[in-house]
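Remarks on the structure that follows.
Any value given below was found using the heavy atoms of this structure, including those in side chains, with hydrogens, waters and symmetry copies removed. Sequence lines set the chain letters: A, B, ... in the order given, protein chains first and strands last, and positions in each chain run from 1. Quick caveat, the model's predicted, so the values are computed rather than measured.
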Amino acid sequence: MKIGYPCINWSIGCTANTTFRLANYTDQLLLEKSINNIGCLKKILKYNLDHDIFLFRIGSDFIPFASHEICNVEWDLMLKEAFIDIGNFIKEHNMRISMHPDQFVLLNSEKKDVLENSIKELVYHAKLLDVMDLDETAKIQIHVGGVYDDKEKSIERFVKNYKKLPERVKARLIIENDDKSYSLKDCLEIHKKTKVPIIFDAFHHECLNNEEPLAEAVKLASKTWKKKDGILIMDYSSQKMGERKGAHATNIDEQLFKKFLEETKGLDFDLMLEIKDKEKSALKAISIAKSMKRL
DNA sequence: AGTTGTCAAGCTAGT
DNA sequence: ACTAGCTTGACAACT
């Protein structure tokens, strides 16, 4: 099991998510920020290596405005050496990378331009992982999307649009059960029609489910992953006390996490901790997992 | 130097 | 028909 955290490391004093305003766009600025982000990512990965953290999510702003029509610069070619260097580091240490395009990426949108922009954004994500020469275990996770007052039709639209995606996107795309609209069961229905692997979000499953116990749900999701996809990735969080249902906790609840590890005993997966204090909780989780002989 | 409003993109629930 | 909230850091303009 690899344990990791998304996008930000608060300990090392740099971020791999620096960006700028669209109004200020220049190719020069894009390259400058990207180089900064690549440099910081390397620092984060080194930190991770030193702390037994082998899973990390790269933020979507890594190459700012990469999928926007204003961007004509060939960042993948111009920064190729740096990408290869990062990729080598990742491969050399057997790390795993994921990405998570945000709420605007909707493969089941009823609007043509939303779909087009979504595909462009997915192509950018795939290109980034490709240029680092990572294998197909490096994944891009999205939600199914909106319901648009008709879930069955919206699922059909997802399936239809999924089938038209470029192969290099399909090779990495995975879908996530969400906390409001599309449950694990819905995702499994989509999987049947597309073969897209399902990233299982344990916290979302608590918010929205069809009575499947945790271990059973994990097994169902695991079966959607082929050998070339690697083992199941799971997102983990817990409820932030006093906030709306679905709000992510600020730090990991050690008791709940122990319970989680017990309930998933014998199951194989990589674990992404979607918890606000990031690497701090990852370190705690790793220490707990070691004490329970899971690492 | 510190504070505050704003940022490419959408959907949903509530008024 | 319209707006706030999601979730949330980081930029950029303004004290």
Side-chain angles (χ1 to χ4, degrees), chain A residues 5-30 32-34 36-37 39-41 44 56-73 75 99-125 140-151 153-155 157-158 161 175-183 186 201 203-204 207-208 235 237-251 272-281:
Chain A
Y5 58 98
C7 308
I8 295 166
N9 180 308
W10 292 115
S11 309
I12 60 177
C14 73
T15 105
N17 310 304
T18 58
T19 180
F20 55 92
R21 290 294 137 91
L22 180 59
N24 298 336
Y25 182 93
T26 60
D27 288 350
Q28 170 68 27
L29 203 44
L30 181 146
E32 219 171 84
K33 298 292 182 183
S34 300
N36 176 78
N37 290 341
C40 183
L41 176 60
I44 292 173
F56 186 70
R57 183 189 297 164
I58 297 175
S60 292
D61 280 338
F62 196 66
I63 310 295
F65 301 104
S67 76
H68 194 280
E69 61 181 9
I70 203 170
C71 169
N72 289 310
V73 65
W75 52 267
M99 298 191 77
H100 192 343
D102 59 11
Q103 68 212 100
F104 312 107
V105 172
L106 296 158
L107 280 189
N108 71 356
S109 176
E110 294 172 304
K111 297 175 192 161
K112 193 166 160 252
D113 61 325
V114 174
L115 176 62
E116 276 171 15
N117 288 340
S118 297
I119 294 172
K120 277 186 203 160
E121 182 74 351
L122 290 174
V123 167
Y124 145 60
H125 281 73
I140 302 166
Q141 68 187 87
I142 58 170
H143 295 279
V144 178
V147 174
Y148 308 91
D149 292 323
D150 188 334
K151 196 188 250 186
K153 277 212 177 86
S154 297
I155 287 178
R157 217 163 36 247
F158 182 98
N161 291 333
I175 56 171
E176 174 185 351
N177 59 304
D178 68 70
D179 60 341
K180 287 200 183 74
S181 307
Y182 292 94
S183 65
D186 297 323
D201 189 308
F203 182 41
H204 290 165
C207 301
L208 178 72
D235 281 348
S237 187
S238 51
Q239 178 65 40
K240 183 173 183 181
M241 285 310 174
E243 297 272 330
R244 65 161 245 292
K245 190 178 169 190
H248 288 199
T250 309
N251 35 256
M272 183 65 79
L273 297 168
E274 292 189 318
I275 296 177
K276 295 213 175 104
D277 68 358
K278 308 288 177 181
E279 79 283 359
K280 215 169 135 204
S281 281

For DNA chain C, the expected dot-bracket line (Watson-Crick or G-U under 3.5 Å, [ ] crossing, | inter-strand) is ||||||..|||||||
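A distance of about 25 Å separates the P atoms of dG2(B) and dT8(C), rounded to the whole Å. Rounded to a whole angstrom, the distance from the C1' atom of dT3(B) to that of dC6(C) is 24 Å. A distance of about 22 Å separates the C1' atoms of dG10(B) and dC11(C), rounded to the whole Å. Separation of the P atoms belonging to dT6(B) and dA4(C) is 12 Å when rounded to the nearest angstrom. Look at the P atom in both dG9(C) and dT12(B): the space between them is 25 Å, to the nearest Å. Taking the C1' atom of each, dA8(B) and dA1(C) are spaced 25 Å apart, rounded to whole Å.
Side-chain atoms of Asn37(A) come within 3.5 Å of backbone atoms of Phe62(A) as a donor-acceptor pair (strictly under, hydrogens ignored). At least one donor-acceptor pair under 3.5 Å links the side chain of His204(A) to the backbone N or O of Asn177(A).
In this structure, Lys151(A) forms a cation-pi arrangement with Tyr182(A), its terminal cationic atom sitting closer than 6.0 Å to the ring centre and no more than 45° off the ring axis.
Glu274(A) and Arg57(A) are joined by a salt bridge, as a carboxylate oxygen and a charged side-chain nitrogen come within less than 4.0 angstrom of each other. In summary, Glu116(A) and Lys112(A) engage in a salt bridge, as defined by a charged side-chain N under 4.0 Å from a carboxylate O. Ion pairing between Asp150(A) and Arg157(A) fails under the 4.0 Å rule for side-chain N and carboxylate O.
Between dT8(C) and Lys276(A), a contact under 4.0 Å exists linking OP1 or OP2 to a side-chain N or O. Regarding contacts with the backbone of dC11(B), a side-chain N or O of Lys111(A) is found under 4.0 angstrom from either OP1 or OP2. Side-chain nitrogen and oxygen atoms of Asn24(A) include at least one within less than 4.0 Å of the OP1 or OP2 phosphate oxygen of dA12(C). Dashed line: the shortest gap from a side-chain N or O of Ser109(A) to OP1 or OP2 of dC11(B) is under 4.0 Å.
With 3.5 Å as the limit, one finds no donor-acceptor pair spanning the side chains of Asp102(A) and Ser60(A).
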Any protein N or O atoms within reach of nucleotides 4-8 of chain B? Criterion: under 3.5 Å, listing atom names and distances.
from, atom 1, to, atom 2, distance (Å)
dA8(B), OP1, Leu22(A), N, 2.8
dA8(B), N1, Ser67(A), OG, 3.3

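At a threshold of 4.0 angstrom between heavy atoms, the contacts of Thr15(A) are confined to the sugar-phosphate backbone, with no base atom among them.
Considering Glu279(A), Lys280(A), Lys276(A) in turn, Glu279(A) is the only one that fulfils the side-chain contact (heavy atoms from CB on, under 4.5 Å) rule with Tyr5(A).
Atom P of nucleotide dG10(B) and atom NZ of Lys180(A) are separated by 18 Å, given to the nearest angstrom.
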